[in-house]
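This report concerns only the one structure given below.
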Amino acid sequence: MPELPEVETVANGVHARVAGQRIVRVWTSGKPQTFKTPEAEIAEALTGSAIDSVRRVGKTIVMTVRCKNKPTEFLIHLGMTGRLLVSQSDVPIPPHTHAILTLADGREVRFIDPRRFGRLSIHRAVVSSGQRTTDNGQPTSYTGPGREPLAISLDDFVALFRNRKTPIKAALLNQSLLHGVGNIYADESLFSAGIRPRRQAGRLTRDELTRLRKALIDVLRHAIKLGGSSVSDYVDADGVRGFFQLQHKVYMRTGEPCLVCGTPIKRITLAGRGTHFCPNCQR
DNA sequence: ACTATGTCCTGCGAGC
DNA sequence: TGCTCGCAGGACATAG
């Protein structure tokens, strides 16, 4: 499933391929749950505009487009099985394609999502009580619900979990605290930090949280370097699979020996998610 | 204000 | 072989 490293890989790949291109036509599938913003509104916002940039915020891909000098942000959340591909128009359209942006040079940005947990929307600036949202009068750009795991300071990281009774794994998955962390990297970073997923977030020591933050940053950076994890059917902007899944230490390794101590990896369900850990290395 | 749980959706693999 | 069934999970709604 696409988490921070996968989304970053896709966003960077799409940016490199389409930045500066004009969108000449927009097609959408009509599957209502895919569209958080009505399809007609998305088509209207994107058609005729030029793509400024494509970047990642949390697990969301933010495509900034410009029409008559007015910037608009197109948000693409890949959900579980979403893909964002840049294809030549003669490449057959895969099943479960929900949106196609046709570019001026004929190529197509395609959003494909079999399980339909992905979401497409237009981000509009939130303007409250007549106030301008930024100094220059531009709409506020999308920042996501939580903090960036790769940018947060240690003090802020520690403060996020203070007084929380929920298990640390559930807290890591909570996008309004940190955004971008999903099931794979929650399990992997907890293993690397030697912390059991069920530990109460608010009871972790500063030392443990220091280790966890470092583990999380290291594992995310490493995964980005390898192009992300290809589990489920994640692929990058060209349809190429990532390689980080070959380096998972605990995720989906139930019963297999821990790579550090040999103890069989245990699997429990936590926050409704499969959770994998080494009962010996993680305390 | 938190926390926990159910729901969406399709593909895949296990089991018979 | 071909079928059914259960499971996978990110975000959100709802309940406690």
Side-chain angles (χ1 to χ4, degrees), chain A residues 1-11 28-37 56-62 75-84 94-99 111-123 142-149 159-190 197-204 216 220 223 228-235 241-242 244-245 248 250-255 265-277:
Chain A
M1 56 264 22
E3 303 180 29
L4 188 152
E6 293 76 31
V7 177
E8 174 120 355
T9 303
V10 172
T28 54
S29 66
K31 295 283 185 196
Q33 62 272 60
T34 299
F35 303 92
K36 259 167 86 176
T37 302
R56 175 195 64 78
V57 174
K59 292 180 199 171
T60 301
I61 297 169
V62 181
L75 307 187
I76 302 130
H77 195 295
L78 300 176
M80 276 279 292
T81 54
R83 302 183 187 189
L84 194 65
H96 308 294
T97 297
H98 297 296
F111 176 69
I112 301 129
D113 184 18
R115 214 165 291 182
R116 281 189 268 153
F117 278 20
R119 294 290 180 268
L120 303 179
S121 61
I122 298 293
H123 172 72
Y142 179 76
T143 53
R147 303 289 303 273
E148 269 296 318
L160 281 183
F161 302 107
R162 200 163 287 150
N163 296 327
R164 291 198 182 268
K165 295 197 173 112
T166 198
I168 184 61
K169 158 110 185 224
L172 285 174
L173 294 177
N174 182 345
Q175 302 295 298
S176 61
L177 298 178
L178 289 172
H179 59 198
V181 182
N183 209 32
I184 298 174
Y185 299 102
D187 279 6
E188 293 296 319
S189 60
L190 285 169
R198 275 214 225 267
R199 291 276 305 281
Q200 241 183 61
R203 293 205 170 165
L204 293 177
L216 185 57
L220 291 172
S229 300
S230 282
V231 299
S232 189
D233 48 8
Y234 159 77
V235 291
R241 297 167 66 86
F244 187 72
Q245 72 280 6
H248 293 168
V250 288
Y251 182 74
M252 289 299 239
R253 292 195 63 245
T254 311
I265 297 301
K266 218 176 151 179
R267 182 188 185 281
I268 58 174
T269 298
L270 201 161
R273 302 286 166 260
T275 298
H276 315 77
F277 68 100

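Just so we're on the same page: letters track the sequence lines, and every chain starts at 1.
- At whole-Å resolution of the value, CD1 in A:Ile112 and C1' in B:dC9 are 17 Å apart.
- Using a 4.0 Å heavy-atom cutoff across all strands shown, A:Gly274 reaches sugar-phosphate atoms only and no base atom.
- Two residues, A:Asn163 and A:Gln33, neighbour DNA chain B, and the one matched to the more 5' nucleotide by heavy-atom proximity is A:Asn163.
- In this structure, CD1 of A:Ile268 is placed 13 Å from P of C:dG9, rounded to the nearest angstrom.
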Problem set entry | Candidate pair A:Glu188 and A:Val250, rule side chain to side chain contact (heavy atoms under 4.5 Å, CB included), full reasoning | CA-CA 6 Å; A:Glu188 293 296 319; A:Val250 288; 3.5 Å; yes
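- The backbone N or O of A:Gly82 sits nowhere less than 3.5 Å from a side-chain atom of A:Arg115 that would complete a donor-acceptor pair.
- Nucleotide C:dG9 holds its C1' atom 12 Å from the CG atom of A:Asp113, rounded to whole Å.
- In this structure, A:Arg56 does not pair ionically with A:Glu6, as no charged nitrogen and carboxylate oxygen lie closer than 4.0 Å.
- Between the side chains of A:Asp113 and A:His98, no donor N or O sits under 3.5 Å from an acceptor N or O.
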For this session: Report, as a single string ordered 5' to 3', how protein heavy atoms within less than 4.0 Å touch nucleotides 10-16 of chain C: B base, S sugar-phosphate only, - not at all.
Result: BBS----
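- From A:Thr166, atom OG1 reaches atom CG of A:Asn174 across 8.0 Å, with rounding to the nearest 0.5 Å.
- Residue A:His96 places at least one side-chain N or O under 4.0 Å from the OP1 or OP2 atom of B:dG11.
- In this model, the phosphate group of B:dT3 is approached by a side-chain N or O of A:Arg164 to a distance below 4.0 Å at OP1 or OP2.
- At least one donor-acceptor pair under 3.5 Å links the side chain of A:Asp187 to the backbone N or O of A:His276.
- Rounded to whole Å, the distance from CZ on A:Arg115 to P on B:dT10 is 10 Å.
- Spacing between atom CZ of A:Arg116 and atom C1' of C:dA8 amounts to 17 Å, rounded to whole angstrom units.
- Rounded to an integer number of Å, the gap from A:Leu270 CG to C:dC7 P is 17 Å.
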Exercise. Does the pair A:Leu178 and A:Leu216 meet the rule for a side chain to side chain contact (heavy atoms under 4.5 Å, CB included), with working shown?
Worked result: CA-CA 11 Å; A:Leu178 289 172; A:Leu216 185 57; 3.9 Å; yes
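- In this structure, A:Tyr185 does not reach the C:dG9 phosphate: none of its side-chain N or O atoms is under 4.0 Å from OP1 or OP2.
- For C:dG9, the OP1/OP2 oxygens have no side-chain nitrogen or oxygen of A:Thr81 closer than 4.0 Å.
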